[in-house]
Engineer: 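Sending over a structure as structure tokens; questions will come in a sec.
Note that ligands are numbered from 1 as they come in the structure, with each ligand's atoms numbered from 1 the same way. Residue indices begin at 1 and follow the sequence shown.
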Amino acid sequence: MAKREIGGWILPIPVDRLLKRLHDAGYEAYLVGGCVRDCILGRAVNDYDVATVALPEQVKACFAKEKVLETGIRHGTVTVVLEGMALEVTTYRIDGDYADGRRPDSVTFTSHLIQDLSRRDFTINAMAYHPREGLVDPFGGWADLQAKTIRCVGVPQTRFEEDALRILRALRFASQLSFALDVDTADAVHSLCGRLPCIARERVQTELVKLLVGKEAGQVLLGYSDVICTAIPQLKPSIGFAHDNPHHRYDVWTHTCQTVALCGEDPVVRLAALLHDVGKPFCFSRDENGMGHFYGHAAQSVEIASDIMKTLRFDSKTIHEVETLIRWHDVPIVPTEKSVRRWLARIGVQQLRRLLDLKKADLLATGTRRHEDPQVQQLDTIASLAEQNATTCLTLRQLHVDGNDLIRLGFLPGRLLGDTLQRLLQEVMDGDCVNKKEALCMRAQELLIEKEETI
Ligand code: ATP
Ligand code: MG
């Protein structure tokens, strides 16, 4: 069995204690999967997963005094909470047949680590490590990590037929790690991606988001558009759809991929970037000079994006935030304090930051604009105005008068009261009134008198 020390790997104390406790009880146990891969790469480790020969009940007995959650006991997984750290411990297992191409019909426990490693998806995810035993690497994961290669454990065709989600996982690892797919793995990805629709939408969503926020998302989307379009068929019309406009060098899909690549790694922005022009092919028109236009494409894209996100089971907050960004992505923002404050009041500082990020990426991804261009520079000016004004009075809650104050001044509960509060907020944001109770009450009284005079 190939073993190799991973130099300088210092484990968190609870992880070390967990491995030791199992070993002291006579059970073999190793760190496995993502944490081994990320440690070798020097990346931050997400979570430490442990595989062991011990059965779930035996693991529980080893940690009788600790909190143990039966997170996936049917598949052999329990979560041990040790000194505040949650650690998943899974019994070595072999997956049974995958009749439905998405989950094994049964799992069987085994006492052999190598069998457990052989059910894992890619060689770089099929290594195990123990501080005293070193690295166990039966499928050449270490070499593939050095070569930056994603390669299936076993025959790619079979592995993707078993579980088509692995197709998307291959792409997300390529995007996250800046790796390339091995030729056979890539061939199988292309030839079997038609199986993706049978995968649970929640699982697709998880991998898609990880792909999107990866460093190489733009490249991976472009290189594997067939796969992405199987997961999200509504993107298909964008592929090869020409802008026929001198402001755009690329077709809609290439522009989309470039936009994804050029904006920050915030999942909401990346998702908005992926979907911001999905409605373009349905809004195309040509003017008398033969130039292409896409009037109304933002609203059309919001509608399609909304359907896509619902199908993929995104939560309503994400859906709302992405819709907002898409809705406004094409609307100009005036670079003045007054206008920026209004935008802050309308969508809030976090969303405005995201919107500016998206707008900048969208401009640069036309392939005809550069960072030095005035339009791009203007977005930077707006971004600094947004930061300078981020803490000024922006919501009704932050206004130093409320409905009760206005009722004391003679307002009746109802529409006029609400409108007056909005008006006061607007005046504070525009710098026409200070956010102090006395000043606001005086102004409210003026407005009330004005109103009464007009009746
Ligand atoms: P991350 O750091 O993003 O969590 P990860 O590699 O830990 O990456 P997980 O989804 O947490 O990914 O899976 C943990 C491990 O389980 C993987 O490293 C791999 O060994 C195995 N695995 C996960 N999903 C599959 C799958 N669909 N088919 C085969 N093995 C899988
Ligand atoms: Mg993980």
Side-chain angles (χ1 to χ4, degrees), residues 12 15 30-52 71-72 75-77 79 85-98 100-105 107 110 113-129 135-142 144-145 150-179 185 188-189 192-193 195-196 198-200 202-217 220 231 265 267:
V15 176
Y30 281 86
L31 289 168
V32 284
C35 64
V36 179
R37 174 199 72 221
D38 288 341
C39 166
I40 298 172
L41 289 174
R43 295 176 85 234
V45 171
N46 252 349
D47 32 43
Y48 289 87
D49 294 329
V50 173
T52 179
T71 34
H75 296 101
T77 304
T79 301
M85 192 169 186
L87 297 160
E88 277 200 358
V89 184
T90 306
T91 306
Y92 295 159
R93 61 175 225 225
I94 309 166
D95 291 342
D97 287 342
Y98 283 72
D100 60 359
R102 49 181 169 167
R103 70 174 88 82
D105 303 337
V107 299
T110 165
L113 171 65
I114 304 290
Q115 284 184 327
D116 181 86
L117 294 176
S118 69
R119 75 173 167 87
R120 295 173 183 270
D121 46 9
F122 307 111
T123 61
I124 59 167
N125 291 344
M127 291 181 278
Y129 174 79
L135 187 73
V136 181
D137 178 19
F139 306 107
W142 175 284
D144 281 337
L145 275 183
I150 311 286
R151 185 196 313 275
C152 284
V153 171
V155 180
Q157 179 101 7
T158 316
R159 303 312 309 282
F160 293 147
E161 277 167 3
E162 283 171 359
D163 179 7
L165 187 74
R166 292 171 188 155
I167 294 171
L168 269 191
R169 285 175 60 85
L171 304 195
R172 81 105 148 154
F173 287 118
S175 170
Q176 279 181 325
L177 306 174
S178 308
F179 279 24
T185 300
V189 157
L192 289 167
C193 66
R195 294 175 179 242
L196 273 175
C198 72
I199 297 298
E202 293 81 356
R203 297 178 81 204
V204 170
Q205 183 214 108
T206 307
E207 296 301 330
L208 179 73
V209 169
K210 289 186 176 177
L211 188 169
L212 277 179
V213 299
K215 281 199 295 285
E216 302 300 328
V220 171
E265 290 171 9

Engineer: Compile the donor-acceptor pairs under 3.5 Å between side chains in residues 43-51 and protein atoms, sequence neighbours left out, one pair per line.
Structural biologist:
| residue | atom | partner | partner atom | Å |
| --- | --- | --- | --- | --- |
| Arg43 | NH1 | Asp38 | OD1 | 3.0 |

Engineer: What do you reckon, does Arg120 have a nitrogen or oxygen under 3.5 Å from a nitrogen or oxygen of ligand 1?
Structural biologist: yes
Engineer: Given that the side chain starts at C-beta and the backbone is N, CA, C, O, which of these parts of Phe173 lies under 4.0 Å from ligand 1, counting heavy atoms, or is it both or neither?
Structural biologist: side chain
Engineer: Heavy-atom pairs closer than 4.0 Å: do any link ligand 1 to the side chain of Arg159, the backbone, both, or neither?
Structural biologist: neither
Engineer: Show which atoms of ligand 1 fall inside a sub-4.0 Å distance from at least one heavy-atom site of Gly34.
Structural biologist: 5 (P), 6 (O), 7 (O), 18 (O)
Engineer: Out of Gln176, Arg37, Arg169, Lys210, indicate the one that has the non-hydrogen atom closest to atom 17 (C) of ligand 1.
Structural biologist: Arg169
Engineer: Between CD1 of Ile199 and CD of Gln205, what distance do you get to the nearest 0.5 Å?
Structural biologist: 14.5 Å
Engineer: Quick one: are Phe122 and Asp144 in side-chain contact, heavy atoms under 4.5 Å?
Structural biologist: no
Engineer: Counting from 1, what ligand 1 atoms have a heavy atom of Arg172 closer than 4.0 Å?
Structural biologist: 1 (P), 3 (O), 8 (O), 10 (O), 12 (O)
Engineer: Arg166 heavy atoms, cut-off 4.0 Å: which ligand 1 atoms fall inside?
Structural biologist: 26 (C), 27 (N), 28 (N), 29 (C)
Engineer: Heavy-atom distances under 4.0 Å decide this one: backbone, side chain, both or neither, for Asp163 against ligand 1?
Structural biologist: side chain
Engineer: Are the side chain of Ser175 and the backbone of Ala217 linked by a donor-acceptor contact shorter than 3.5 Å?
Structural biologist: yes
Engineer: Any donor and acceptor pair, going by atom type alone, linking the side chain of Arg159 with main-chain N or O of Arg166 inside 3.5 Å?
Structural biologist: no
Engineer: Please tell me if the side chains of Glu207 and Arg203 come closer than 4.5 Å, counting only heavy atoms from C-beta onward.
Structural biologist: no
Engineer: Residues in side chain to side chain contact (heavy atoms under 4.5 Å, CB included) with Thr77, at least two apart?
Structural biologist: Thr71, Glu88, Thr90
Engineer: Output yes when a protein non-hydrogen atom is found under 4.0 Å of atom 24 (N) of ligand 1, and no otherwise.
Structural biologist: yes
Engineer: Using modelled atom types only, decide if a donor and an acceptor are shared between the side chain of Asp95 and the backbone of Val107 within a distance under 3.5 Å.
Structural biologist: no
Engineer: What protein heavy atom sits nearest atom 30 (N) of ligand 1, and how far away is it?
Structural biologist: Asp121 N, 3.2 Å
Engineer: Under 4.0 Å from a heavy atom of Gly33: which atoms of ligand 1 are those, numbered in the order shown and with their elements?
Structural biologist: 18 (O)
Engineer: Has Arg119 got any heavy atom lying under 4.0 angstrom from an atom of ligand 1?
Structural biologist: yes
Engineer: Among all protein heavy atoms, pick out the one at the shortest distance from atom 11 (O) of ligand 1; state its residue, atom name and that distance to 0.1 Å.
Structural biologist: Asp49 OD2, 4.6 Å
Engineer: Give a yes or no answer on whether the side chain of Asp137 reaches the backbone of Trp142 with a donor-acceptor pair at less than 3.5 Å.
Structural biologist: yes
Engineer: For ligand 1, which atoms have a heavy atom of Asn46 less than 4.0 angstrom away?
Structural biologist: 1 (P), 2 (O), 3 (O), 4 (O)
